[in-house]
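First up is the structure itself, then whatever we jot down about it.
Numbered from 1 within each chain, the chains take letters A, B, ... in sequence-line order.
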Number of protein chains: 2
Amino acid sequence: MVTNATEGYTFDVFKRHCASHMVLDLLSGKWTYLTVTALRQGRMRNAELARKIEGISPKMLSQTLRGLEHDGLVSRTVHAEVPPRVDYELTALGEELAGLMDQICIWAQNHVPEILTHRAANGDPEAQERLAAAGAR
Amino acid sequence: MVTNATEGYTFDVFKRHCASHMVLDLLSGKWTYLTVTALRQGRMRNAELARKIEGISPKMLSQTLRGLEHDGLVSRTVHAEVPPRVDYELTALGEELAGLMDQICIWAQNHVPEILTHRAANGDPEAQERLAAAGAR
DNA sequence: CGCATTAGTAACCATTGGGTAACTACTTTC
DNA sequence: GAAAGTAGTTACCCAATGGTTACTAATGCG
């Protein structure tokens with residue numbers, strides 16, 4: 001159980017119906033992580049994001065950005081120009097979260113070999129292939 | 001693009017088919033986060049975890065633990081006793097990740113009010129209710 | 001014998017998340 | 001007048017995720 005520093009809230013992440021289950025919403029979703037991380041590099045347009053995040057469909061990019069905007073992590077600015085220009089930027093709140101997410105990203109990148117080794121040892125064929133490919137290089 | 005410190009790997013999280021997409025696998029999944037965080041408090045048995053993580057079904061607990069074990073983040077020890085006793089513990093690798101996840105968890109807890117305010121402003125009825133309930137306290 | 005306890009797994013179903021493709025709206029340029 | 005470029009949305013479909021329920025195995029205890 002944790003007591004919130006600023007307000008008087010008392011809650012426990014492990015309980016259902018607890019507001020901090022929003023954590024899960026923030027982290028889940030296949031594209032949230034990549035989108036937030038991409039925006040760390042600064043303000044970007046829809047098409048730029050689509051190009052950067054390989055494999056994201058227009059629908060999911062839009063949906064993910066809408067979600068982040070909803071939570072106040074990303075701001076969306078429409079410029080009155082032709083052709084239209086819309087850009088997205090992390091808010092201060094978003095920046096904070098992005099920093100933490102980036103830590104995990106860096107950690108993961110540095111431990112890819114270890115995790116692959118574990119997976120391969122447990123019989124994961126994809127991990128075995130990847131390891132073999134990396135070893136051959 | 002990031003170059004791995006220990007090996008010679010070069011990869012980019014934003015590319016598909018990149019090994020660091022494992023990040024996503026680690027973070028996604030409704031229960032991974034809670035399970036890892038729960039295990040930060042030390043070695044635990046199946047039933048203890050089930051009690052702690054409110055709402056998790058036996059199936060999902062088992063599946064989540066199996067996944068974490070697969071990746072080498074959690075170790076599973078079976079004791080030759082009757083009734084059977086099995087306990088789970090974070091490995092060194094798991095501990096590291098758990099620490100980072102906890103940062104995000106703490107951040108989220110501290111910013112619940114802000115995020116709820118944003119959501120409420122964007123017309124989210126659940127957020128409006130929660131805010132009203134918190135205000136009344 | 002039969003029940004209780006622990007730690008599951010298996011089968012089945014409902015929900016949701018995500019992908020694909022097609023379509024809109026607006027204006028400048030050819 | 002038609003095409004191109006920008007930023008989307010909508011409809012439709014499939015696959016993955018997760019929930020529910022029922023079942024197993026092993027053994028000590030009354």
Closest to the W31(A) side chain, choosing from dG18(C), dT9(D), dG8(C): dG18(C)
Does C105(A) reach the side chain of D102(A), with side-chain heavy atoms less than 4.5 Å apart? yes
I need the CD-C1' distance between E69(A) and dA7(D), as an integer number of Å. 14 Å
From the set dG19(D), dA7(C), dG8(D), return the single nucleotide nearest to any side-chain atom of R45(B). dA7(C)
Of all the choices, dG18(C), dG8(D), dT9(C), which nucleotide is nearest to the side chain of S62(B) once you look at every atom? dT9(C)
What is the distance, rounded to the nearest whole Å, between atom NE2 of H79(B) and atom C1' of dA7(C)? 13 Å
Residues S75(A) and T91(A): closest non-hydrogen pair is N-CG2, 3.9 Å
E48(B) with K52(B): basic N within carboxylate O range, under 4.0 Å: no
Is it true that the side chains of D124(A) and H118(A) contain a donor and an acceptor less than 3.5 Å apart? no
Rounding to an integer number of Å, can you tell me how far E54(B) CD sits from dG18(D) P? 18 Å
When the distance from CZ of R51(B) to C1' of dA7(C) is rounded to whole Å, what number comes out? 13 Å
In terms of side-chain heavy atoms of K30(A), which of dG18(C), dA7(C), dA7(D) is nearest? dG18(C)
Taking the minimum atom-to-atom distance to the side chain of S57(A), which one of dT5(C), dG18(D), dG19(C) wins? dG19(C)
Between dG18(C), dT6(C), dG19(D), spot the one nearest the side chain of K59(B), thanks. dG19(D)
Interatomic distance, L61(B) CG vs dG8(C) C1' [rounded to whole Å]: 10 Å
Kindly say if R66(B) contacts the phosphate of dG8(C), meaning a side-chain N or O under 4.0 Å from OP1 or OP2. yes
For N46(A) and dG8(D), is the shortest distance between a side-chain N/O and OP1 or OP2 below 4.0 Å? yes
Beyond-backbone contact of E89(A) with V74(A), side-chain heavy atoms, under 4.5 angstrom: no
Send over the distance from L65(A) CG to dG8(D) P, rounded to a whole Å. 8 Å
Whichever of E48(B) and G55(A) has the more 5' nearest nucleotide on DNA chain C, that residue is E48(B)
Length of the line joining R85(A):CZ and dA7(D):P, which is rounded to integer Å: 9 Å
Side chain of Y88(B), heavy atoms from C-beta onward: which of dA7(D), dG8(D), dG8(C) has the nearest atom to it? dG8(C)
Within the structure, does a side-chain N or O atom of R76(A) lie under 4.0 Å from either OP1 or OP2 of dA7(D)? no
Nearest-Å distance for atom pair CD1/P, residues I56(B) and dT20(D): 12 Å
